[in-house]
Amino acid sequence: MAAAVARGVSVPELPRLLARDPYLAPFVPDFQRRYTVFHDRLKNIEENEGGLDTFSKSYKTFGVNQLVDGGLYCKEWAPGAEAVFLSGDFNGWNPFSHPYKKIDYGKWELFIPPGQDGFSPVAHGSKLKVVIRSKNGEILYRISPWAKYVARVGTNVNYDWIHWEPPLPYLRKHPQPKKPKSLRIYESHVGIASPEGKVASYKNFTYNILPKIKDLGYNCVQLMAIMEHAYYASFGYQITSFFAASSRYGTPDDLKELIDIAHSLGITVLLDVVHSHASNNSEDGLNKFDGTDSCFFHSGPRGTHSLWDSRLFDYSNWEVLRFLLSNLRWWIEEYGFDGFRFDGVTSMLYHNHGIGTGFSGDYHEYFGLHVDEDALVYLIMANHMIHLLHPESITVAEDVSGMPALCCPIAQGGGGFDYRLAMAIPDKWIQIIKELKDEDWNMGNIVHTLTNRRYEEKYIAYAESHDQALVGDKTLAFRLMDAEMYTNMSVLSPLTPVIDRGIQLHKMIRLITHALGGEGYLNFMGNEFGHPEWLDFPRTGNNESYHYARRQFHLADDHSLRYRFLNAFDRDMNKLEERFGWLASPPAFVTENHESNKVIIFERANLIFIFNFHPSKSYTEYRVGAETPGKYKIALDSDAPEYGGHQRLDHNTEYFTEQYSHNFRSNSLLVYIPSRVAIVLQNMDIPN
């Protein structure tokens, strides 16, 4: 790092970043240092590995790979090992009959010739283990870090490495869709995507859930818990095998089919990738692979996350870079994923992992010795590789700290991400609903939270994600309606004030978040229709129950239940965005946030969005500013009967603008605004 600082490489387009945000000027040395380290590492890869393309395809040489002649080439990086062997069904589990040869930089290789019949000496579906003799003479049985398929067989506690080389692998039939201009993400977990109390399958998701996602108007599915994780209740965030698709839902080919079918429906597929840490399992994970506490990780306390009880990667290590970059490439090229949501970015960016830190937005929090610049440079390198080799791919950062320029181009000194999650928004909705009476909601505070984002950095807005659905927390619907969801969601029962309020606010919160909060939108599966209760995976504490580890999609299909109203509104909200593209439009112009009236009005994508959060007051002939003159009509109305509303608006009404300036807009019109309603007006004089 010190050498990089002394020499320095100029950041090509840094002046563009500084022109947008002059307050970053004192930190120019930090931007130059980070860019120089990135530049030097990229140059070293070009000079020593034949280029980034070759380096990031190391899964073709590491692990166990079949050669054209039917033989096998095996390679591992185990710098702490005294000797390395391959054992398995193929050699009767003889631990020492197939030794690896030690080569440079802690790497080991082994050639196994084809059998006499010309076929692979290791049969598809047979078990394997890497045998490590450690420096202290201990014999360790390990799963290769590059294993492509692992499974828990029978009553085994640990996962087994299973050689995956099917004679007829799945072949993709459909092209990958173009990168969406407006990103509408359906965050999903394959295992809970069924009303049945069991682990659901890739096949179930492909044929039962993807059509629902398409019908709801989402154009992107974000898959959680795909990278193999031994502990199901970790929600997929304690990874044990980084190159293996979770076998609890089916085979690798089943996942490939899922992605292929999604592409046929025009749906982009993102992987929730976890490169921020790894499970501390050693029997079936990366931990202590070569018998040392380091290898892929920092040794000592720096290598362990104190809250997550997991291992932390050494991002400065050449072989760790190879492993992680190749992992990203693998998921894109082998499975057809269209990009990634990077989990735990805040933990990566800071040496304290963000633990106990309340980020205030002071720029000094994002620069200095407390920033883990090796991790940051890895993220820059990952984004560079992904966008260089697959320009249509999408990357999303889960960062709660708000690091400046994380979603700016690398050439400007940025992190290179396409989007970041707007993590302050769900926290704000929880705080409002939990702490304030309806009449005390602060319109200015809501607008500030939804619009407070860095200029020209794209955000994914969401009212709630999987985090809010977990046991110990509550979804928006459950916070709003709580116990009455058990008794009063039937249309045959009276519409109680609690259920009425919950249904109306649920729609309003989601629409204002969708339209005002960012350049993309995310919803966690089932929350679109107000899924009751919470998520809790089978574990000792709940007697291994699957009761809360499922999604009851049938609730939205039942016409005798009010869930269908929320489902219909969510669908039509997405379909309206598909028509007008507000997520891909410049940020909204807010014309009004009136505290006593509880009214918020803004314009975006030639639409006027009107929200009246007042619990009881309606307004006749309310003046609404409009920049574009013309005739307006209702395009979406949360009060419509098909959405569980009270049908107080006449959709045949035509609203004509007057040349009467109002709230900094050149024209205005008069609108009837009922209480607790969201209205979207479309200018009929503008072709759509």
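Keep in mind that the numbers below use all heavy atoms, side chains included, and drop hydrogens, waters and symmetry copies.
Scanning all heavy atoms of the two residues, the minimum distance from Arg479 to Ile433 falls at CB-CG2, 4.0 Å. Of all non-hydrogen atoms in Ile380 and Ile410, the two that sit nearest each other are O-CD1, 3.4 Å. Between Arg510 and Asp570 the shortest heavy-atom distance is NE-OD1, 3.5 Å. Closest non-hydrogen pair, Ser465 versus Asn527, comes out as O-ND2, 4.0 Å.
Counting heavy atoms from C-beta on, the side chains of Arg551 and Ser194 never come closer than 4.5 Å.
Between Asp557 and Tyr563, the side chains place no donor N or O within less than 3.5 Å of an acceptor N or O (distance only, hydrogens not considered).
Comment: Arg16 engages Glu13 in a salt bridge, judged by a side-chain N to carboxylate O separation of less than 4.0 angstrom. Under the 4.0 Å criterion applied to side-chain N and carboxylate O atoms, Lys474 and Asp482 are assigned as salt-bridge partners. The existence of a salt bridge linking Asp572 and Lys507 is excluded, since no basic side-chain nitrogen approaches an acidic carboxylate oxygen closer than 4.0 Å. A salt bridge links Glu627 with Arg665: the distance from a Lys NZ or Arg NE/NH1/NH2 to an Asp or Glu carboxylate oxygen falls below 4.0 Å. Between Asp21 and Arg454 there is a salt bridge, since at least one side-chain N of the basic residue sits less than 4.0 Å from a carboxylate O of the acidic one. For Asp685 and Lys631, the salt-bridge test fails: no basic side-chain N is under 4.0 Å from an acidic carboxylate O. Between Asp438 and Lys598 there is no salt bridge, since no side-chain N of the basic residue sits under 4.0 Å from a carboxylate O of the acidic one.
With a 6.0 Å radius and a threshold of 12 heavy atoms from other residues, nucleotides or ligands, Gln647 has its CD atom at or below the threshold. Surrounding NE2 of His651 are more than 12 heavy atoms belonging to other residues, nucleotides or ligands, all under 6.0 Å away.
Taking the six-membered ring wherever Trp is involved, the centroid distance between the rings of His506 and Phe569 does not fall below 6.0 Å.
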